[in-house]
Amino acid sequence: MLKIHNNLTRQKEIFKPIKEGKVTMYVCGMTVYDFCHIGHARVMVVFDVVSRYLREQGYDLTYVRNVTDIDDKIIKRANENGEDITSLTERYIVAMHEDERALGVLPPDIEPKATQSMEDIISMISTLIDKGYGYVGANGDIFYSVSRFEKYGQLSGKNLEELQAGERVDVDEAKQNPFDFVLWKMSKADEPSWDSPWGKGRPGWHIECSAMSTKCLGDHFDIHGGGMDLQFPHHENEIAQSEGATGHKFVNFWMHNGFVRINEEKMSKSLGNFFTVREVLERYRPEVVRFFILSSQYRSPLNYSNESLDEASSALRRLYTALRDLKGGRESDAAKPFVERFYEAMNDDFNTPVAVAVLFDIAREINRQKGESDELAASLGNTLKRLSGLLGLLENEPEAFLKLSDGVATESALGDKEIDQLIEERITARANKEWAEADRIRDLLKEQGVILEDITGGTSWRRG
RNA sequence: GGCUGAGUGGCAGAGUGGUUAUGCAGCGGCCUGCAAAGCCGUGUACAGCGGUUCGAUUCCGCUCUCAGCCUCCA
């Protein structure tokens with residue numbers, strides 16, 4: 001029985017979809033004006049695992065993740081580059097898809113773009129105005145009147161009185177209330193714009209998600225996800241807009257993933273302390289990054305450092321080492337306790353660190369069985385591969401994984417053929433009990449980052 | 001200031017009212033020509049102070065510390 005921590009109630013609740021057997025999920029995606037950083041990677045990987053698991057549980061899932069391709073930052077960046085916003089956003093959408101594929105993230109079913117959803121956006125704003133939630137501000141922009149929406153603050157646990165006490169909100173004369181937010185922003189002469197009943201302009205940030213999610217999934221859907229920082233005001237505003245416009249409940253389960261941190265501080269564009277996915281992938285293999293992300297629970301903070309990535313790499317090597325040299329075979333009942341624990345962990349709000357711990361327990365059992373019962377070892381190996389596959393892990397060939405190293409430094413070192421050649425020479429030396437020569441070759445390879453393992457029936461190698 | 005969340009062994013990271021997380025690193029042993037890998041064993045961990053309890057790291061209160069949101073942000 002799957003339980004999900006619902007941020008609307010701040011507790012774990014038994015997950016029950018609106019329509020039996022079907023799940024509808026919307027995740028706030030990227031604003032495409034730059035490369036994705038590791039924080040974005042976490043959202044992608046976390047909800048990729050959620051979607052894989054829901055499907056594995058037999059649900060017919062529709063997974064929507066939007067692309068924000070019109071916004072102030074995009075306009076600013078395009079101006080700085082002296083290019084059209086479309087050429088800017090298209091370039092970064094391609095880059096985002098490359099990053100996703102590299103990380104083994106399966107694409108969402110629908111990936112709507114704000115610029116292609118103008119009709120729905122305008123229609124929702126019209127409805128909001130008709131229902132008295134939207135008004136024309138002193139500057140011509142259309143605003144949402146938060147005081148009209150009684151439940152405003154339900155998701156973030158804030159109320160308007162407390163918010164008034166805050167000092168970080170701009171006083172804008174055009175608004176009736178400082179917490180009112182823009183639904184439609186009038187464009188200046190040289191800005192990209194779309195026609196609307198209120199004049200040429202562009203949508204506010206929050207309205208696009210309300211419009212696209214309800215368009216793709218209906219007025220009421222199961223899961224809405226995104227980063228912690230979107231909880232307020234973005235998701236709060238989405239609820240106000242959607243429920244204001246449709247008149248009924250918007251989303252049942254709200255899921256927010258924790259931040260990636262660097263030195264205990266949030267990684268973000270504005271702080272400038274971010275690493276892009278492609279920078280990290282120059283140094284670590286995609287699966288290592290994925291393992292790193294899944295080694296902590298999705299709601300916890302995740303501290304990024306080279307040490308953590310190195311550790312993820314070592315840990316993954318242990319799993320692949322267990323899978324090495326296994327024969328094929330079917331899964332057996334012997335795996336049952338492990339399988340049960342794995343599902344129990346996943347059912348507990350996607351507790352991937354515990355699920356991963358089970359993978360290590362299976363690996364230990366495989367290692368014990370190797371030589372004892374190769375059949376059982378192989379069978380457990382299949383279980384290990386199946387379960388890790390649900391996390392998008394261990395999908396490479398063990399030999400292939402072990403023979404590659406992280407980083408580019410060792411790429412230019414010895415090629416596989418030369419390594420095999422030296423190993424042959426060493427095998428001959430060992431056969432003649434020329435230990436000094438055998439050790440010389442082993443040390444030589446070690447200097448090149450190649451570690452030998454003499455196992456029964458031969459010598460295998462890996463890059464350390 | 002308001003509102004969240006968190007403080008676990010050398011590090012990372014789960015979890016629990018009384019019993020082994022798991023991984024990385026360390027130490028001892030087995031295996032090995034020697035290694036590597038693997039297996040076995042090993043570390044008096046739960047921020048502090050009170051309270052509830054037969055018993056609390058786990059529940060309650062207070063204190064301290066950290067992070068996040070309250071402005072764009074995954």
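Chain A is the first sequence line, chain B the second, and so forth, proteins listed ahead of strands; every chain is numbered from 1. Keep in mind the model is a prediction, meaning the values are calculated, not measured.
- The environment of NZ in K3(A) is sparse: at most 12 heavy-atom neighbours from other residues, nucleotides or ligands sit within 6.0 Å.
- On the C1' atoms, A56(B) is 13 Å away from G50(B), given to the nearest whole Å.
- Among C72(B), G2(B), A36(B), the nucleotide with an atom closest to any side-chain atom of P233(A) is C72(B).
- Between S300(A) and A14(B), a side-chain N or O to OP1/OP2 separation shorter than 4.0 Å is present.
- Taking the C1' atoms as reference points, U52(B) lies 16 Å from U57(B), given to the whole Å.
- Residue T31(A) has its side chain nearest to A74(B) when only G33(B), A37(B), A74(B) are considered.
- Within the 4.5 Å cutoff, the side chain of W461(A) has heavy atoms near those of the D420(A) side chain.
- The side chain of R368(A) contributes an N or O atom lying less than 4.0 Å from OP1 or OP2 of C40(B).
- Minimum atom distance to the side chain of S296(A) is reached by A14(B), of the listed C70(B), G23(B), A14(B).
- Within 4.0 Å (heavy atoms only), V260(A) reaches at least one base atom of the nucleic acid.
- Two residues, L271(A) and R430(A), neighbour RNA chain B, and the one matched to the more 5' nucleotide by heavy-atom proximity is R430(A).
- At whole-Å resolution of the value, CE in M228(A) and P in C3(B) are 16 Å apart.
- With A36(B), A35(B), C70(B) as the candidates, the nucleotide lying closest to the side chain of F232(A) is C70(B).
- As judged by a 4.0 angstrom heavy-atom cut-off over every strand, G258(A) is placed among the base-contacting residues.
- When the C1' atom of G38(B) is taken as reference, atom CG of L402(A) falls 14 Å away, rounded to whole Å.
- If you check A21(B), C69(B), C24(B) against the side chain of S314(A), the one that comes closest is C24(B).
- With hydrogens and angles left out, the side-chain atoms of Y298(A) and D349(A) include a donor and acceptor closer than 3.5 Å.
- For the pair V46(A) and M255(A), the minimum side-chain heavy-atom distance is 4.5 Å or more.
- When distances run from any side-chain atom of D439(A) to the nucleotides C34(B), A74(B), C70(B), the shortest one goes to C34(B).
- Checked against G2(B), C34(B), C39(B), the side chain of R426(A) finds its nearest nucleotide in C34(B).
- Rounded to whole Å, the C1' atom of G33(B) lies 23 Å from the corresponding atom of C40(B).
- Rounded to whole Å, the separation between the C1' atoms of C3(B) and G15(B) comes to 28 Å.
- Remark: the E208(A) side chain and the T68(A) side chain contain an N/O donor-acceptor pair separated by less than 3.5 Å.
- Among the heavy atoms of the strands lying under 4.0 Å from Q297(A) are primed sugar atoms or P, OP1, OP2 only; no base atom is included.
- K73(A) places its NZ atom 12 Å from the C1' atom of A74(B), with the value rounded to the nearest Å.
- One P atom belongs to C72(B), the other to G61(B), and the distance between them is 34 Å to the nearest Å.
- In this structure, C36(A) and M44(A) have side chains that are in contact, with non-hydrogen atoms separated by less than 4.5 Å.
- Within the 4.0 angstrom heavy-atom criterion, only backbone atoms of the sugar-phosphate kind lie near I451(A); the bases stay farther away.
- Cation-pi geometry between K266(A) and F259(A) is satisfied (NZ or CZ under 6.0 Å from the ring centre, within 45° of the ring normal).
- Looking at the side chain of E311(A), the nearest of the listed nucleotides C11(B), A37(B), U22(B) is C11(B).
- Using a 4.0 Å heavy-atom criterion, one finds that S308(A) contacts no nucleic acid atom at all.
- Taking a pair as Watson-Crick or G-U wobble with both distances under 3.5 Å, the runs of three or more consecutive pairs in RNA chain B are B:1-7 with B:64-70, B:10-12 with B:22-24, B:26-30 with B:38-42, B:47-51 with B:59-63.
- Under 4.0 angstrom from either OP1 or OP2 of U22(B) there lies no side-chain N or O belonging to R341(A).
- Between the CD atom of E437(A) and the P atom of A35(B) there is a distance of 19 Å, rounded to whole Å.
- Distance noted for atom C1' between A36(B) and U58(B): 41 Å (whole Å).
- Side-chain nitrogen and oxygen atoms of R318(A) include at least one within less than 4.0 Å of the OP1 or OP2 phosphate oxygen of G38(B).
- Here the side chain of H37(A) is nearest to one of C70(B), A36(B), A74(B), namely A74(B).
- Under 4.0 angstrom from either OP1 or OP2 of C34(B) there lies no side-chain N or O belonging to R442(A).
- Comparing U8(B) with G1(B), their C1' atoms are spaced 32 Å from each other, to the whole Å.
- Phosphate proximity of C69(B) to K266(A): present, with a side-chain N or O under 4.0 Å from OP1 or OP2.
- By the neighbour-count criterion of 12 heavy atoms within 6.0 Å, atom CD of E397(A) is sparsely surrounded, having that number or fewer from other residues, nucleotides or ligands.
- A side-chain donor-acceptor contact under 3.5 Å links E287(A) and Y320(A).
- Taking the C1' atom of each, C64(B) and G41(B) are spaced 39 Å apart, rounded to whole Å.
- Contact between the side-chain N/O atoms of N257(A) and the OP1/OP2 oxygens of A74(B) is not found at any separation under 4.0 Å.
- Across the protein-nucleic acid pair, D310(A) atom CG and A12(B) atom C1' stand 12 Å apart, rounded to whole Å.
- Using a distance-only test at 3.5 Å, with no hydrogens or angles considered, no donor-acceptor pair links the side chain of N432(A) to the main chain of A429(A).
- Between N303(A) and A12(B) there is no side-chain N or O to OP1 or OP2 distance below 4.0 Å.
- Relative to the side chain of R10(A), the nucleotides U4(B), C3(B), U22(B) differ in distance, and U4(B) lies closest.
- Checking the phosphate oxygens (OP1, OP2) of G68(B), no side-chain nitrogen or oxygen of R261(A) falls inside 4.0 Å.
- Atoms CG (L163(A)) and P (U4(B)) sit 13 Å apart, rounded to a whole Å.
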